[in-house]
Amino acid sequence: MLTTELLDVQPNELQFTFDVKKQSTCTIQLGNRSDQCVAFKVKTTSPKKYCVRPNAGIIKPRATCDFTVTMQAQKVAPPELQCKDKFLIQCTVIPFGISEEEVTSDMFAKDSGKYVEEKKLRVVLTIPPPTPEFLHVNGEPKEDLCYETSVQKDRVLNEVEYIPPPQRVADNVDSESYKDESRAVKHAEELKPEKNAVVLNLAKDLEELKSKLSTVNLKLKEADLFIIKLTEEKSMTTREKNMLKHELELLSKKNNARSIMVGFPLLYIFLVALISIAIGYFAHP
């Protein structure tokens with residue numbers, strides 16, 4: 001495991017100048033503090049809100065690389081410009097010869113056994129610098145002398161060009177954001193009756209569907225009972241048919257036996273008569 005940090009991140013937070021319905025851009029510089037090639041990848045908790053270019057890349061030994069983060073235009077300012085969005089920069093050592101196209105998310109997986117360094121950056125929102133106030137002198141606009149004097153004093157003390165410090169928004173939120181919110185509330189109130197009517201219609205349709213389903217279930221139960229009844233009748237008919245067939249077979253056997261018993265005496269009588277005639281013929285000369 002490495003004992004020193006791979007990357008030097010400057011600055012250590014993302015600072016955006018927030019203005020309603022306008023994009024804001026912030027640049028972060030990454031410095032490779034090692035003697036090896038380092039691959040990096042940038043992640044955020046709100047990927048739809050920010051655009052990162054490039055979001056991944058390779059930094060040569062002891063070299064630097066910049067990436068730009070653009071915050072999309074927002075319709076409403078957050079309360080007191082407090083932003084909970086976070087950014088995560090992951091980096092790891094890679095072999096020489098790997099191109100930026102070969103950098104994948106698998107390289108930064110912790111379960112692969114590699115050393116993956118992570119740096120978290122928070123998002124800070126500031127309001128635009130205040131514009132100088134102008135006074136009308138003799139019908140012509142002129143910059144406020146108090147403001148101009150304070151700017152000159154700051155320049156003399158700091159010996160650098162004056163840049164107004166970033167200020168936090170407290171109570172005065174942009175009037176346009178209030179208008180958007182009021183419009184949204186009014187639109188929501190207008191939609192409430194329509195929403196209630198839709199809900200009532202859906203409830204009625206649901207009740208009708210339930211009643212139809214119960215009717216279908218009753219018909220299905222009746223059909224099942226009718227099928228069971230038909231099956232039982234079919235089995236009874238089959239049994240009766242088999243019984244009748246068996247009885248017919250017995251009757252046919254009895255008739256055959258009777259015919260044999262009735263035919264035997266007639267043959268016997270015929271033979272006796274024939275013998276008697278023969279004896280009588282030979283007995284008389």
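These figures come from a predicted structure and were not determined experimentally.
Under the 4.5 Å side-chain criterion, counting only non-hydrogen atoms from C-beta, M107 is in contact with I98. Side-chain contact check for N242 versus H246: every heavy-atom pair is 4.5 Å or farther apart. Between P61 and C37, the closest side-chain pair of non-hydrogen atoms falls below 4.5 Å. L7 has its side chain within reach of I59: a pair of non-hydrogen atoms, C-beta onward, lies under 4.5 Å apart. Proximity of K229 to E233: side-chain heavy atoms (C-beta onward) are separated by under 4.5 Å at one or more points. Using a 4.5 Å heavy-atom cutoff, the side chains of L125 and P78 are in contact.
One hydrophobic cluster, built from ILVMFWY side chains closer than 4.5 Å, holds both I127 and L14. Note: the hydrophobic cluster containing I94 does not contain V42 (ILVMFWY, side chain heavy atoms under 4.5 Å, direct or indirect links). Linking ILVMFWY residues whenever their side-chain heavy atoms come closer than 4.5 Å, directly or via other members, places L30 and F87 in the same cluster. In this structure, L121 is not a member of the same hydrophobic cluster as L88, with clusters built from ILVMFWY side-chain heavy atoms closer than 4.5 Å. No continuous path of ILVMFWY side-chain contacts below 4.5 Å connects V52 to V103, so the two sit in separate hydrophobic clusters.
Of the N and O atoms on the side chains of S34 and N32, at least one donor lies less than 3.5 Å from an acceptor on the other residue.
Under a 3.5 Å cut-off, the side chain of E117 and the backbone N or O of L6 do form a donor-acceptor pair. Panel note: side chain Q74, backbone Q72; a donor-acceptor pair is recorded below 3.5 Å. Looking at S24, its side chain does come within 3.5 Å of a backbone N or O of T17 through a donor-acceptor pair.
Separating the CZ atom in R33 from the CZ atom in R62 is a distance of 8.5 Å, to the nearest 0.5 Å. Note that the NZ atom of K221 and the CG atom of L225 stand 9.5 Å from one another [nearest 0.5 Å]. Between T237 atom OG1 and K241 atom NZ the span is 10.0 Å, to the nearest 0.5 Å. Residue C26 holds its SG atom at 9.0 Å from CD of E13, rounded to the nearest 0.5 Å. To the nearest 0.5 angstrom, I269 atom CD1 is 13.5 Å from L274 atom CG. The CZ atom of F67 sits 10.5 Å away from the CD atom of Q29 when rounded to the nearest 0.5 Å.
Residue pairs meeting the side chain to side chain donor-acceptor pair (under 3.5 Å) criterion with at least one partner in residues 38-53, sequence neighbours excluded, are K43-Q90, S46-D85, K49-D85, Y50-D85.
Taking both residues in full, the closest heavy atoms of K75 and V20 are given as O-CG1, 3.2 Å, listed atom of the first, atom of the second, then distance. Looking at every heavy atom in both residues, C91 comes nearest to F108 through CA-CE2, 4.0 Å.
The pair E118-K110 meets the salt-bridge criterion, with a side-chain N (NZ, NE, NH1 or NH2) lying under 4.0 Å from an Asp/Glu carboxylate O.
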### Task
Kindly indicate, with the supporting measurements, whether the criterion side chain to side chain contact (heavy atoms under 4.5 Å, CB included) is fulfilled by L81 and T126.
CA-CA 7 Å; L81 285 190; T126 61; 5.7 Å; no
### Message
Please determine whether side chain to side chain contact (heavy atoms under 4.5 Å, CB included) holds for the pair C65 and F40, giving the CA-CA distance in whole Å, both sets of side-chain angles, and the decisive distance to 0.1 Å.
### Response
CA-CA 10 Å; C65 177; F40 73 91; 3.9 Å; yes
### Task
Dump the intermediate steps for side chain to side chain contact (heavy atoms under 4.5 Å, CB included) on V123 and K86, then the final yes or no.
CA-CA 6 Å; V123 176; K86 303 291 182 183; over 6 Å; no
### Query
Hey, mind stepping through D66 and I28 against side chain to side chain contact (heavy atoms under 4.5 Å, CB included) and telling me if it holds?
CA-CA 6 Å; D66 295 346; I28 299 294; over 6 Å; no
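Atom NZ of K114 sits in a crowded spot, with more than 12 heavy atoms from other residues, nucleotides or ligands closer than 6.0 Å.
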